[in-house]
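Each remark here refers to the structure printed beneath this line.
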Amino acid sequence: MNHLDIPVLHRAAGTVRLPGSKSISNRVLLLAALAQGETVVADLLDSDDTRVMLAALRQLGIGIESAGADSYRVKGAAGPFPIKQAELFLGNAGTAFRPLTAALALSAGHYQLSGVARMHERPIRDLVDGLTQIGAEVRYLGNAGFPPLQVLPAQINLSAPIQVRGDVSSQFLTALLMALPLMGQTAVIEMTTELISKPYIEITLNLMARFGVKVEREGWSRFTIAAGQRYVSPGTIHVEGDASSASYFLAAGAIAGGPVRVEGVGRNSIQGDVAFADALASLGARIGMGDNWIEARGPLSALIPSPSPADAGEGSKLRAFDLDLNHIPDAAMTLAVAALFADGPCTLRNIASWRVKETDRIVAMATELRKVGAIVEEGDDWLKVSPPYTSHLTPHASIATYDDHRMAMCFSLVALGGVPVRILDPNCVAKTFPDYFDRFAEITAPVIAIDGPSASGKGTVAQRVANALGYGYLDSGSLYRLVALAGQQAGVGYDDEAGIAAIAAALSAEFRGDQVLLSGNDVTEAIRSEEMSAASSKVAALPAVRAALIERQRAYRRWPGLVADGRDMGSVVFPQAEVKIFLTASVEARAERRYKQLIAKGVAANIRPLLQDLRERDERDASRSVAPLRKGEDAHLLDTTELSIEQAVDAVLGWARDAVDGKR
Ligand SMILES: Nc1ncnc2c1ncn2[C@@H]1O[C@H](COP(=O)(O)OP(=O)(O)OP(=O)(O)O)[C@@H](O)[C@H]1O
Ligand SMILES: Nc1ccn([C@H]2C[C@H](O)[C@@H](COP(=O)(O)O)O2)c(=O)n1
């Protein structure tokens, strides 16, 4: 079976831009499809579940076209779907299957809805019963109470309140609420049981209001949609980041030092899962929150006095918990794995809905947590997780993921316990977060940042250190050199900041071993010319160019680790690097090294102009306004004037070892 091995991880720190919320994406797509007018949906989640919804809406006659990266223009039908006959395959996307069932039941057509085998095991009776009460014709094509379904035209009658259960899935109520305005008449829904996952209904009501339909509610038991309301496009709507997806990164920050910041959700979020941050805080994690970001750090250690609050708490445990998690069922899974890092047994209560999700998540979670050494008890709607008696997790566990994206993402956190872990079928994360593991690596892979002036030897040393550790290597200077060359080829002046920044943003660069390619052409030698050395120093001084390259550089942070060299690796690009080194040598020694390097390549050289050129570049790199070259207070100074390459490499490896040992 396909798998991903995650190495031992010691620290989590960095920033993650979240993908769009799944819950909001699929609700907004459906509302936009039913609304009058065109809606631009920006920052839509790009994942299996949203692709399923987009495909279904297109099949049902809704015009949807791309409006840029992750943005779509949806031409609303101003009412029920125009296509009256269709067979829809909806994978395992509950957020597509349930709402579409209700909307199609009111669209007066002939439809069939099916999904993957697991979707056919997920109950839908409560929704079908609700629809049947108003005269809708919805039939089971397999087992009664479960998909696949057939929907037929019917006479809808809304004269009596619709009675519906709310204790299996809140998606049934969401489906009815979103579909009923299609009838234009007053509609009333009454809950016959306690409603679970209420924050998801708040998302539904909030988004319906943004499309012009207001729902009156009496507590959580009765909902009224007044006659005469219909969906009208709000114009453009932005999908906020996914708060459930945020939980893995926040938990990583809480478990392994932090700070880890997620961008895209914050105190202005309409998603209930932002309450995961409160749950983490109750475990002792230090949480910060802004309008559009949340940040998590490990708890302050009560036992070990720390020199400063910023250093405090790394390695200290989370507090054991006993929590009712009915309001955050998805993010609650992350807490089950976080329990491995708590100081005692942890109980998760009121999580019965786990049993009817992508898999029976109570069984799956208990089974897999036991593989890493946890002691787990389970009940109908609860789970009790005790960390291993020895406090040591079992290394090399193979974690089954049950075609459940959240199982795969949650269990990546195990590696922060100092043990390697294998995630089976890791691609199941495509349901909601296709590049999850890359993003997780970007906050957990260790980084050794080596900065210093030209010809100091940082590239040579960095490459050897990377080889010795089996890490990846980033020569960030070559990116600036590539930008300079691409600018020259395009005829853009080096003082045209916007023009050069646009080239940097679209740079087609590839590193193949020692070869450097620009738009597919080998430019390994071309970017090393003295002309490009000078030009790269000029483009590197342009703030917009630096900004355009920053995320590209961070994307090199992968497991098992990265050695990055440049001028601002430790100060700007990887401020959370485990080891920071300022590697230098006297300008005379550097000129001599460059001279020997050129002569060895058969290039005629003269020491005086080389000295002069290095002094000029030093001056330009150190005096620019953005990310100037200088030694940070947290960087080790390595003056190699009198050192051999081997001695310099040994010094760096020593610091790297110390940094890892300090975190064990
Ligand atoms: N400690 C050292 N002693 C002697 N020579 C060294 C030492 N370190 C590196 N060199 C040599 O100096 C030359 C320049 O090194 P290198 O290209 O690694 O520098 P750099 O700092 O990465 O330069 P640039 O920033 O211009 O890319 C190489 O030929 C390398 O072998
Ligand atoms: N992180 C970086 C890397 C490089 N630069 C600048 C400095 C140089 O003038 C130019 C080329 O770098 P080199 O290949 O000599 O390391 O790019 C920078 O500003 N920031």
Side-chain angles (χ1 to χ4, degrees), residues 449-466 473-485 487 494 500 504 511 514 516 523-524 526-543 545-550 552-554 556 563-575 577 580-601 603 605 610 613-630 638-652:
I450 305 181
D451 290 306
S454 294
S456 56
K458 54 190 187 308
T460 307
V461 172
Q463 233 165 337
R464 292 198 189 193
V465 169
Y473 167 57
L474 167 64
D475 167 11
S476 62
S478 65
L479 290 173
Y480 291 95
R481 289 173 181 269
L482 282 164
V483 171
L485 182 61
Y494 294 136
I500 296 286
F511 298 92
D514 288 341
V516 184
V523 294
T524 318
I527 60 166
R528 293 278 146 207
S529 70
E530 288 306 300
E531 186 189 4
M532 283 306 124
S533 294
S536 60
S537 161
K538 287 182 190 149
V539 301
L542 303 172
V545 171
R546 304 198 76 82
L549 290 180
I550 200 156
R552 181 190 287 261
Q553 293 171 81
R554 287 183 179 150
Y556 282 91
V563 184
D565 87 65
R567 307 295 187 284
D568 61 346
M569 296 297 97
S571 56
V572 176
V573 181
F574 302 111
K580 297 182 187 180
I581 289 151
F582 188 81
L583 193 150
T584 189
S586 69
V587 70
E588 292 77 12
R590 290 188 280 130
E592 196 181 319
R593 288 174 191 175
R594 185 64 88 220
Y595 174 80
K596 285 184 182 159
Q597 208 177 17
L598 291 170
I599 297 296
K601 276 202 253 173
V603 178
L610 283 176
D613 177 62
L614 282 177
R615 287 199 174 107
E616 280 171 18
R617 280 220 275 157
D618 286 357
E619 169 63 17
R620 215 171 12 237
D621 292 345
S623 63
R624 66 183 173 223
S625 61
V626 185
L629 170 70
R630 64 179 62 126
L638 182 59
D639 186 336
T640 66
T641 309
E642 304 292 337
L643 298 183
S644 68
I645 294 175
E646 289 70 26
Q647 285 170 319
V649 169
D650 284 348
V652 175

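Values below: every heavy atom of this structure, side chains too, minus hydrogens, waters and symmetry copies. We count ligands from 1, going down the list as the structure has it; atoms in each ligand are counted the same way.
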- Query: Listed by chain and number, what are the side-chain hydrogen bond (donor to acceptor under 3.5 Å, both in side chains) partners of S529, not counting sequence neighbours?
  - Reply: none
- Is any side-chain N of the basic residue among K596 and E592 closer than 4.0 Å to the acidic one's carboxylate O? yes
- Message: D475: which residues meet the side-chain hydrogen bond (donor to acceptor under 3.5 Å, both in side chains) condition with it, sequence neighbours left out?
- Response: R528
- Message: Could you check whether atom CD of E646 has more than 12 heavy atoms from other residues, nucleotides or ligands sitting under 6.0 Å from it?
- Response: yes
- Enter the distance from S456:OG to L638:CG here, rounded to the nearest 0.5 Å. 9.0 Å
- Query: Mind checking what residues have non-hydrogen atoms under 4.0 angstrom from ligand 1?
  - Reply: P453, S454, A455, S456, G457, K458, G459, T460, R481, R528, R567, R593, R594, Q597, T640, L643, S644, I645
- Query: Looking at M532 and Y494, what are the two nearest heavy atoms and their distance?
  - Reply: CE-OH, 3.8 Å
- The protein residues that pass the under-4.0 Å heavy-atom test against ligand 2 are K458, S476, G477, Y480, R481, R528, S536, S537, A540, R546, G566, R567, D568, M569, R617, D621, R624
- Message: What's the separation between atom CZ in R567 and atom OH in Y480, rounded to the nearest 0.5 Å?
- Response: 10.0 Å
- With a 4.0 Å cut-off, would you call D613 and R594 a salt bridge? no
- Which heavy atom in A504 sits nearest to a heavy atom in V545, and how many Å separate them? CB-CG1, 4.2 Å
